[in-house]
Q: 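The structure under discussion is supplied below as structure tokens; questions concerning it will follow.
In this text, all values refer to a predicted model and were calculated from it rather than measured experimentally. Indexing begins at 1, ligand by ligand and atom by atom, following the structure's order. Every heavy atom of this structure was used, including side-chain atoms; hydrogens, water molecules and symmetry mates were not.
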Amino acid sequence: MTVTRETKDNALILWIDNPPVNALSQDVRAAILAGVTEAQNDASVKGIVIACKGRTFIAGADVKEFGAPPTEPFLPDVTAAIENSKKTVVAAIHGQALGGGLEIALACHYRIAAKGAKLGLPEVTLGLVPGAGGTQRLPRLIESTAAAEMIASGKPIDANKAKANGLVDSVAEDYVAEAIAFATTKSAENRRLSERAFQLDAAKFDALAAATRKQAKGAAAPGAAIDLIRRTAGKSFAEGMKEERALFLHLRASEEAKALRHIFFAERGSNKLPDDISDAKPIEVKTVGIIGAGTMGTGIAMTYLDAGMNVRMLEMAEDAVARGLARIQSSYRDSLAKGRITEAQRDQRLAALTGGTDYAALSDCDLIIEAVFESMDVKKAVFAKLDGVAKPGAILATNTSYLDIDEIAASISRPEAVVGLHYFSPANIMKLLEIVRAKKTSPQALATALSVAKATNKIPVVAGVCPGFIGNRMLRAYVREAGLLLLEGAAPEQVDKALTAFGMAMGPFAVADLSGIDIGYKARKEAAPGSFEPMATIVHDSLVEAGHLGQKSGSGFYTYKDGVKAPNPVALTFIEQVRSETGRTPRAVSDAEIVERTMFALVNEGYWIVEEGIARHIDDIDVAYVNGYGFPRHRGGPMCYARGVGLSKVVKVIEGFGQGAFGKWWRIAPALRNAAAAN
Ligand code: COA
């Protein structure tokens, strides 16, 4: 039974118990409807409370049902029955009231929240708009632009804010008792939101509409939500509901919604233990050691401080320690000034942090992460020292982005303790954590890596050992094609624009300028010959050798004079030189070709990665690309995008690329051919 009934103090409590998150599956909807309907003629019931067992109030519609046609009773019918109830209905909210969960609460006559509860309409993050009155009732309850902002951003608000803006009526420790009191003493009269009207403040709403479209980066749902609210303002509730439902059903079947559902579940698959060690148990991590207090080390340190753990930071010299500590202090000062953390939180985090130069300080750490210079010799020297001081059972992690972790592990006496934890800069902000399972990594070390990912709010993906693991290995193929397009006739700005129009957060040349063109230059000098295409980075190399390192030197592919980004004429001259020296006549390259060349390079490499067992599931590649490489979420990741294009078409286009001057890089992964044939 997913819904049980309890009678207490003349109130009927409908207890929803549908783990893990009390989603509104068909049986739950039916049982709520039956409970409310039957209570109407039950003289012993004075009021009704809707409450949930387990960790949360209703966290939304059941996303698993979205792929199939809706089944009765439909949620709008359930919310209508709740609102029309003669007897007062009260929502008792703890944990999260999200999506359909908040729509149920909005249909209730009163809403009581537990402390710390969160309330939101995250439908746009799934490519939808609320479909059971959320877009119509919320602007009739709270100020209409604030309501529109909640709907268009999908971001939840906490109970205190909800009390302040009128979304909830009371925040109470014993929220169920309070809900019973409301249900049995307060009237439902004048509490039905459908009986109210709403208007917009035009100037405020226009500003929100403009900001929403900018933030959506090509996703359709946020703008559609704004248009719906604008269109229905001043109209009757019935008319608004009709328009809302039509838009909801239309969006539900869209490619964007499918892609966003795909990534929602992919992210909830990539954080699971691999099947072969599904019963492995993590060790408890309270104290974390971090070697290296540069940008990466301090970012990683803050990740753990933010999650309430102790951090011991280690550097080679006292002044480097001091710089690292100062960087963290200054970052928390900024967060405090922006109101993101409280003074107490800042003090607590800084109190949990120590820094020094003596490895002995790491002897009580449960997990130690090395984030030093990317050189095998340097990393091995660090691991030799860790082997000497780390307590038995401690997990030893490396943040390398390219190096062979099996070789690092083999150099110490406890290879089973070694795992890769590849963070992305800025490490305390970026969601992706690539967890690298080396040949000898123990089940416990891997389980611990996955459990700290959860504790520190990261989205993990497990990868095997190969140069660049999943993300950077694919990036190399993408950067290769972007570089070769320059020789064929495209300009850096055109490539960047075509890819940002596709939805990428930044284009590859803007990214190169941001991270420093010299970084890749050094890596290429050390890379095995034949592992990359030298012609693809010939312009990069010329720029570095002429001192154009990117933003840090003031110019790279672009110049950055007085904060204005413009194409760097030096880069354009280098491109022309290479073209003429290699006898190439530039041709017109279309934006569509730019997208196909770079995206299909990612896709083909992705299939190789699956083929070789570097990724354990194709969906993990999408999770990595969306959360670590600025791939547009509403396209579901490169592999999901390729399925949308049609894998047979992808294979055909790649076969064409294989005929080109650099065709040797387009060897098609058998896994891609097989998947295309299976389709
Ligand atoms: N429908 C179906 N299943 C859902 C779900 C939903 N709306 N929300 C969460 N789940 C499932 C997850 O798939 C996961 O299943 P698993 O254990 O088999 O992997 C499980 O519930 C736990 O979810 P998870 O996200 O890992 O837990 P959490 O504690 O980190 O977060 C929530 C809980 C509710 C905040 C989060 O799951 C969430 O935001 N859910 C989506 C809410 C939403 O968008 N609702 C609107 C739908 S229109």
Side-chain angles (χ1 to χ4, degrees), residues 2 16-29 52-68 70-71 74-76 78-79 93-106 116-135 138 150-159 219 221-222 224-225 244-245 247-249 251-254 256-275 278 307 431 450-461 617 619-620 623 627 633-634:
T2 48
I16 300 164
D17 189 8
N18 186 25
V21 296
N22 291 315
L24 282 170
S25 39
Q26 189 275 340
D27 49 342
V28 175
R29 297 196 299 274
C52 289
K53 303 267 188 198
R55 65 203 233 214
T56 181
F57 191 73
I58 304 162
D62 189 339
V63 181
K64 291 192 198 88
E65 288 184 1
F66 280 172
T71 51
F74 305 131
L75 193 54
V78 181
T79 50
I93 298 165
H94 77 296
Q96 329 255 348
L98 300 178
L102 184 56
E103 290 178 301
I104 292 263
L106 286 166
K118 294 231 161 75
L119 302 94
L121 293 169
E123 282 83 351
V124 292
T125 66
L126 289 166
L128 304 169
V129 293
T135 69
L138 192 59
M150 275 183 76
I151 294 163
S153 73
K155 288 200 185 107
I157 59 171
D158 69 17
E244 179 197 81
R245 190 70 184 167
L247 179 61
F248 169 80
L249 291 175
L251 291 175
R252 193 177 185 268
S254 68
E256 176 174 314
K258 261 187 246 167
L260 288 165
R261 275 202 299 279
H262 158 76
I263 199 74
F264 177 88
F265 285 114
E267 285 172 355
R268 282 156 185 82
S270 75
N271 63 10
K272 303 283 185 299
L273 273 168
D275 291 343
S278 58
K431 281 281 181 195
L450 283 161
S451 100
V452 294
K454 172 124 191 142
T456 54
N457 204 17
K458 296 292 174 204
I459 298 177
V461 167
H617 197 284
D619 294 352
D620 286 6
V623 174
N627 293 292
R633 191 177 179 84
H634 67 274

Q: Just checking, any donor-acceptor pair under 3.5 angstrom between side chains of Gln26 and Asp62?
A: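 No - no donor-acceptor pair under 3.5 Å links their side chains.
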Q: Starting from atom 10 (N) of ligand 1, what is the nearest protein heavy atom, named by residue and atom, and what distance separates them?
A: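 Nearest neighbour among protein heavy atoms for atom 10 (N) of ligand 1, to 0.1 Å: Val21 CG2, 3.7 Å.
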Q: Quick one: salt bridge (Lys or Arg N to Asp or Glu O under 4.0 Å) partners of Glu256, sequence neighbours excluded?
A: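 With sequence neighbours excluded, Glu256 shows a salt bridge (Lys or Arg N to Asp or Glu O under 4.0 Å) to no residue whatsoever.
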Q: Determine, using heavy atoms of Pro20 and all atoms of ligand 1, whether some pair is separated by less than 4.0 Å.
A: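 Distance cut 4.0 Å: Pro20 passes for ligand 1.
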Q: Which protein non-hydrogen atom lies closest to atom 39 (O) of ligand 1, naming both residue and atom, and how far is it?
A: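 For atom 39 (O) of ligand 1, the nearest protein heavy atom comes out as Leu98 CD1, 3.9 Å.
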Q: Under 3.5 Å between any N/O of Glu123 and any N/O of ligand 1: does that happen in this structure?
A: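 No; every N/O pair is 3.5 Å or more apart.
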Q: Indicate whether atom 24 (P) of ligand 1 is within a distance of less than 4.0 angstrom of some protein heavy atom.
A: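 When distances to the protein are checked, atom 24 (P) of ligand 1 has a heavy atom within 4.0 Å.
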Q: Taking the side chain from Lys258 and the backbone from Ser254, do they hold a donor-acceptor pair closer than 3.5 Å?
A: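 Pair absent, no side-chain N/O of Lys258 close to backbone of Ser254.
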Q: Between Asn18 and Ser25, do the side chains contain a donor N or O and an acceptor N or O under 3.5 Å apart?
A: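 Yes.
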Q: Check whether any N or O atom of Leu128, backbone or side chain, sits under 3.5 Å from an N or O atom of ligand 1, and answer yes or no.
A: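 Leu128 vs ligand 1: no N/O contact under 3.5 Å.
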Q: So which protein heavy atom does atom 2 (C) of ligand 1 come closest to, and at what separation?
A: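 Its nearest protein heavy-atom neighbour is Asp62 OD1, 3.2 Å.
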Q: Decide whether an N or O pair under 3.5 Å exists between Ala59 and ligand 1.
A: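 Yes, at least one N or O pair falls under 3.5 Å.
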Q: Where is the nearest protein heavy atom to atom 3 (N) of ligand 1: which residue, which atom, and how far?
A: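 Among all protein heavy atoms, the one nearest atom 3 (N) of ligand 1 is Lys64 NZ, 3.8 Å.
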Q: What protein heavy atom sits nearest atom 41 (C) of ligand 1, and how far off is it?
A: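 The protein heavy atom lying closest is Phe264 CE1, 3.5 Å.
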Q: Among all protein heavy atoms in this structure, tell me which lies nearest to atom 44 (O) of ligand 1, with the distance rounded to 0.1 Å.
A: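 Protein heavy atom with the smallest distance to atom 44 (O) of ligand 1: Pro122 CG, 3.4 Å.
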Q: Can you name the side-chain contact (heavy atoms from CB on, under 4.5 Å) partners of Asn271, sequence neighbours left out?
A: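 For Asn271, the residues satisfying side-chain contact (heavy atoms from CB on, under 4.5 Å) (neighbours in sequence not counted) are Pro460.
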Q: Would you say Thr56 contacts ligand 1, with heavy atoms under 4.0 Å as the rule?
A: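 In this structure, Thr56 fails to qualify as a contact of ligand 1 - no heavy atom is under 4.0 Å.
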Q: Short question: side chain of Asp619, backbone of Ile263 - any donor-acceptor pair under 3.5 Å?
A: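 Checked: no pair found.
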Q: Once you restrict to heavy atoms under 4.0 Å, what part of Leu126 touches ligand 1? Side chain, backbone, both or neither.
A: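 Within the 4.0 Å criterion, Leu126 contacts ligand 1 through side-chain atoms alone.
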Q: Quick one: look up the protein heavy atom nearest atom 14 (C) of ligand 1 and list residue, atom name and how far away it is.
A: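 So the nearest neighbour among protein heavy atoms is Arg268 CD, 4.2 Å.
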Q: Return yes or no for this condition: an N or O of Val63 is under 3.5 Å from an N or O of ligand 1.
A: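 The answer is yes, given that Val63 and ligand 1 share an N or O pair closer than 3.5 Å.
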Q: Among protein heavy atoms, which lies nearest atom 19 (O) of ligand 1, and at what distance?
A: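 Minimum-distance protein heavy atom for atom 19 (O) of ligand 1 reads Lys272 NZ, 2.7 Å.
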Q: Just to verify, which of Leu98, Val21, Ile93, Leu24 counts as forming a side chain to side chain contact (heavy atoms under 4.5 Å, CB included) with Ile58?
A: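 Testing each of Leu98, Val21, Ile93, Leu24 against Ile58, the sole residue satisfying side chain to side chain contact (heavy atoms under 4.5 Å, CB included) is Leu24.
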Q: Ignoring hydrogens and angles, tell me if any N or O in the side chain of Glu123 forms a donor-acceptor pair with the backbone of Leu128 under 3.5 Å.
A: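 Checking the backbone N and O of Leu128 against the side chain of Glu123, no donor-acceptor pair under 3.5 Å is found.
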Q: Mark yes or no for whether Thr56, through its side chain, and Gln96, through its backbone, hold a donor-acceptor pair below 3.5 Å.
A: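 Yes, because the side chain of Thr56 sits within donor-acceptor range (under 3.5 Å) of the backbone of Gln96.
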Q: With salt bridge (Lys or Arg N to Asp or Glu O under 4.0 Å) as the test, would you mind laying out the steps for Arg29 and Glu65 before giving the verdict?
A: CA-CA 13 Å; Arg29 297 196 299 274; Glu65 288 184 1; 3.2 Å; yes
Q: Decide whether Thr79 and Glu103 meet the rule of one side-chain donor and one side-chain acceptor closer than 3.5 Å.
A: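 Short answer, no.
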Q: For atom 32 (C) of ligand 1, is there a protein heavy atom at a distance under 4.0 Å?
A: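 No, because not a single protein heavy atom sits under 4.0 Å from atom 32 (C) of ligand 1.
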Q: Nearest heavy atom to atom 22 (C) of ligand 1: which of Arg55, Gln96, Lys454 does it belong to?
A: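 Nearest option to atom 22 (C) of ligand 1, by heavy atoms: Arg55.
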